[in-house]
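Per chain, numbering begins at 1; letters A, B, ... match sequence-line order.
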Amino acid sequence: MKRLLGLMLVCSCMLSSCIEIIDDLTLNLDGSGTFKYTVNLSSSKVKVNSILALDSFNGKKVPKIDVIETKFSQFSELLKKEKGIISVQTEFNKVDFIVKIAVGFSSVQELQNGVTAVIQQLDPTINITQEAGDWIQWDGKTLQRIIPKLVEDRIKSDTQADNEFLKTGSYTCISRLPHSIQTTSNELCRLNPAKTAAMLRVNALELKLNPALLKHTLTTAP
Amino acid sequence: MILLRNVFFTLIFVNSWFVFGQSAEQLIPGEAVTVFSISNTDLLQKVSIDEWITYDFMEEIHQELFDKSTENKTVKEAGLDFDQRLSLFYGKKPQFEVTGFTFGIKDQTALFRVFDDFETIPSKYPGVKIYQSLFNNLILDKNHGLLIRVEPLEAFLNQQTDSLWYSRGNLSPFYALDEDQLMEEEALISEDEHKNLLEKNYYELRDSLAFEYQKKFYNEVLNRLFTKKQGLYSQDSTFRELLTHPSAGVFFMDNSRNIDRAKNLWYLKTVLPTLYLDVQELYEDNIITGDLTLKNSTIQFDLKAHYSKALGSIYQEMNDASFDKNIAPFIQSNQPAYFTYTINLRSAYEKAYDVLVPILSKAKDPEISFNLLLLKLGNALVNKDALFDTYKGSLLMTFNGIQKVKTRKITFFYDEQTFEYGEREAEAEEDMPIFTFGFSTKRKDIPEMILEHFSQITSKFENKGDYWVYEKAIFDAAPLFFINAKGLFIITNDRDLAENHRDGYGQQALSKRAVKSLKKSGTMAGFANIQEVAQRFPSDFLNPEQQPLIDFLRNKTGALSLKSGVTTDESTSVSVVYTFTDSERSSKHFLDLLNTLYLLTK
């Protein structure tokens, strides 16, 4: 009955649902910083709940919400043990389907190495190359950012029907730097009045069709 | 799911088998509980084999029957006799299950050109030839064929393996796996070197038992069929009679031997054998039969359930009810799908009480005796008038398409100075299928009392005058409405119904003719507009190769309707009719529907 209800509810929730992702990076003078990642599915609650009520969806097994939560906390616990990871804070809102993670790190490279290592520990079948595992580059003066490869692959693997789901969604990339920002390579990127933070917001579907939309370089004052 | 897929295998051959003289169905083992048998003289004349082998479901049968070496061959070239029936069967015993199908053979040489991975093995049954491949057993008796698989049940195998494994003094096989993970590699290598290679591990032991039991049960089935001549055809007169029906296909299920039902009676069977026999009597002759008929613009499936007098007397009382006229105004004339159920719950309860109490009274078991006392006390003390007036037994369910419903979402807002962000709640809209469920009641006060109580517990429950709303009831997002009026208690997520049609749909409701048909339909009645339902079906659930199917269905004009027939103390009947208005042949429609069902369940 639960599955039937799920099936019936999912049947037309596609058109009005959407996803909101916030990718927020703060860098300090010594290269340490905080990386926050937020996925908000609250405007697709009915759809998400419907899918969770099913055994499989789109030909793939649907995990139970508790299994997802356990995996998430496993990810957090494993990440805490990685070299250069100072702190990991997570929040899993099962009512509104908002997932947040905030990671304190010693260096951008250690953050990326840690995340890649943990993903591979949790799923050894995933093979992430060094290039694919790096989505941030920071040399103290210049910050280069692209969409994380895993997120890009995940979005690209979605079906045609998911395009409707992405159409009203957004991906927001925020960077806060220790020096004032002089230039940005992407015209869609906005700077705050103090020029210490940059925000780039793109439509999720457009990002799927063109992942380079999120690519940008911020150059700080010497 | 296995059963359903097996149905396809049978129906795949739906087009063409017909009975002449001695029939292939005589090879169906007595262990078979469910049989689908196809014999359609019309279909083959109207749909060529070339046409039906183009259907998706044919791929499955190719994979099932033929190996790579016969990749380019089809069933058409398999030497089958299309003038005989094809019957698919399934049976389940406590220790094993048996599946397969029987068919007629016209050309054995052609048959083995297709079934070329089968090897001859010696047969101890006169006139019977036996062939085996890796998974299947092919048995030929004159011009009749039987393709059969007999497999021990997993639960039985596990039980046998555990028993043997632990009796040898072994520890849990899973314990050993955990221990291995903790051991150093050198210790593991050393353990392997000292291992007795002749001693089987748990899974090797299980495989050996599976092999031996498979052989044992397979031989038992064949002995009963060919030595003792105890096939389903010779043992069951209902099945024999069913095969004489001039319909395109027939369905048979002996529910009295259905192991899944018997499993529920396991406690009675082992602990209280006398009581089990009494209860078993209730299910005696509980056989379900069905006929599939293809007409010019309809496809009809008639099901009939036969039962014992005792069980029949309960069903007869239950079905002795007339359609509640209060229900009809809540079904719209253009409703994509609806279902009504009309029973007399009180009469059924009283008859069941009369039938079951004498049976239970015979039991000497203290637990049963105590439960019987509770039943008798309940019967004496509970206000049956109030209970059965609150829920009389008649209900309706409708599907009313998709509507926008208001939900709540969390949005992020940004500080333009710092790009810091915070959360705030906002209204959202999501599409949701609209369902209504309602039942007849004479006691408006009782549901009202329950709703009043809930409203005191949570502020989400609100009385809106003559209806109630439960905010955020569905997935903490969409509201549910409760309408307690006009002799019905209705639960729906249809705001329009709650706010504007609490007295029914008036002119938009079902026509008098449709209501008359509902009244005549007996216990169950239902309707579904195929095109409408297909429009609403979530394409996401389909594989890319299944997508064209849903597009195809969206262009179909057919409708499915369900009606129950007369119930006596011996049987009851239900018929499902698919009606179409286009000029396509019924055989084509049938194959299309079959293919649809196949692809959706693939």
Side chain proximity check, B:K472 to A:K45, heavy atoms < 4.5 angstrom: no
Crowding at CZ, B:F413 (>12 non-hydrogen neighbours, <6.0 Å): yes
For A:E20 against B:T411, the heavy-atom pair lying closest together: OE1-CA, 4.4 Å
Contact summary for A:M199 and B:Y414, nearest pair of heavy atoms: SD-CD2, 3.9 Å
Heavy atoms from other residues, nucleotides or ligands near CD of A:Q89 exceed 12 (cutoff 6.0 Å): no
Close side-chain approach of A:I174 and B:Y421, heavy atoms under 4.5 Å: yes
Proximal component of A:K36, with respect to chain B [non-hydrogen, under 4.5 Å]: side chain
Ionic contact status for A:K100 with B:E423, cut-off 4.0 Å: yes
Shortest non-hydrogen separation from B:Q417 to A:P193 and the atoms involved: OE1-CG, 3.5 Å
Short side-chain to backbone donor-acceptor contact, A:R176 and B:F419, under 3.5 Å: yes
Contacting region of B:E420 [heavy-atom separation from chain A under 4.5 Å]: both
A:N40 versus B:I410, closest heavy-atom pair with distance: ND2-O, 2.7 Å
Crowding at NZ, B:K460 (>12 non-hydrogen neighbours, <6.0 Å): yes
A:L191 versus chain B, the contacting section by heavy-atom distance below 4.5 Å: backbone
B:E154, CD: over 12 other non-hydrogen atoms inside 6.0 angstrom: no
Nearest atoms (heavy-atom pairs only) where A:T38 meets B:F412: CG2-CZ, 3.6 Å
